[in-house]
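Input: a single structure, listed below in structure tokens.
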Amino acid sequence: MGERHLGLRGDSNKQTWEEADFPIVCTACLGQNKYIRMMKTHFDRACRVCERPYTVFRWRPTARERFRRTEICQVCARSKHVCQCCVNDIETGVPVHERDKHIDLDNKFEAPKDIVNRDFWAQMKAMEVSKEIEKEKKISEDQEKAQKNVKSLEDNK
Ligand SMILES: [Zn+2]
Ligand SMILES: [Zn+2]
């Protein structure tokens with residue numbers, strides 16, 4: 001019986017970034033306060049897109065405002081480049097259905113309905129996302145190195 005769970009091992013990769021300390025949210029949702037307290041609950045709710053449990057973040061933009069919380073998981077947010085809270089484009093704030101109307105009609109923002117396909121879909125997305133994160137990390141490391149090189153060249157002048 002226990003053996004059957006081994007198939008899920010591949011998920012351990014995914015956990016590392018899904019355990020992130022900060023959600024992917026746009027500045028409109030986050031608010032202006034730099035010192036907000038971010039609260040997180042592990043796998044508390046299901047993502048509205050893929051319906052899988054994920055780490056939910058809650059915060060209050062200002063003391064007078066109501067709590068906001070994430071509605072979709074980081075996989076879905078990253079794969080569509082949207083805010084985890086309002087689900088609008090993370091940079092432009094354009095609603096995703098508006099945005100995608102113009103660019104990719106084939107790439108609908110939807111997870112498959114049946115559970116087997118959906119798990120597969122989510123796993124593929126998770127893999128794409130972690131690859132992307134790796135790539136970004138590599139790029140910023142390279143940039144750092146390049147900067148250091150420039151700096152040491154300057155120091156040698
Ligand atoms: Zn999701
Ligand atoms: Zn937002």
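Residue numbers run from 1 in the order of the sequence given. Note that these values count all heavy atoms, side chains included, but never hydrogens, waters or copies made by symmetry.
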**Request:** Specify the closest pair of heavy atoms between Ala126 and Val75, including all atoms of both residues, with the distance to one decimal.
**Result:** N-CG1, 3.6 Å
**Prompt:** When rounded to the nearest 0.5 angstrom, what is the spacing between CD in Glu144 and CD1 in Ile139?
**Reply:** 13.5 Å
**Asked** Where is the tightest heavy-atom contact between Cys29 and Pro61, given as atom of each residue plus distance?
**Response** O-CG, 3.9 Å
**Message:** Is it true that, when you exclude Glu136 itself, more than 12 heavy atoms of the residues, nucleotides or ligands shown sit nearer than 6.0 Å to its CD?
**Reply:** yes
**Request:** Report yes or no: does Arg68 contribute a side-chain atom to a donor-acceptor pair with the main-chain N or O of Cys85 at less than 3.5 Å?
**Result:** no
**Prompt:** Distance from Glu71 atom CD to Cys83 atom SG, nearest 0.5 Å?
**Reply:** 10.0 Å
**Asked** Quick one: does Arg48's side chain have a donor or acceptor within less than 3.5 Å of a partner on Ile72's backbone?
**Response** no
**Item:** side chain to side chain contact (heavy atoms under 4.5 Å, CB included) partner of Val129, chosen from Gln74, Arg78, Met124, Glu134
**Value:** Arg78
**Request:** Supply the atom-to-atom distance Met38 CE to Thr70 OG1, rounded to the nearest 0.5 angstrom.
**Result:** 9.0 Å
**Asked** Out of curiosity, Lys145 NZ to Ser140 OG, how far, rounded to the nearest 0.5 Å?
**Response** 10.5 Å
**Item:** Atom pair CE/CZ of Met39 and Phe57 - distance to nearest 0.5 Å
**Value:** 11.5 Å
**Message:** So does Ile24 get a backbone contact from the side chain of Gln84, meaning a donor-acceptor N/O pair under 3.5 Å?
**Reply:** yes
**Item:** Nearest heavy atoms of Trp121 and Cys50, plus distance in Å
**Value:** CZ3-CB, 3.5 Å
**Request:** Decide whether Met127 and Ile133 are clustered together by the hydrophobic rule: side chain heavy atoms of Ile, Leu, Val, Met, Phe, Trp, Tyr closer than 4.5 Å, transitively.
**Result:** no
**Request:** Say whether Ile90 and Val96 are linked into one hydrophobic cluster, either directly or through other cluster members, by side-chain heavy-atom distances under 4.5 angstrom.
**Result:** no
**Item:** Distance, nearest 0.5 Å, that separates CZ of Arg52 from CG of Asp119
**Value:** 5.0 Å
**Message:** Could you tell me if the side chain of Ile36 sits less than 4.5 Å from the side chain of Arg60, heavy atoms only?
**Reply:** no
**Message:** If you apply the rule salt bridge (Lys or Arg N to Asp or Glu O under 4.0 Å), what do you find for Lys138 with Glu141, and how did you get there?
**Reply:** CA-CA 5 Å; Lys138 177 112 198 353; Glu141 272 170 19; over 6 Å; no
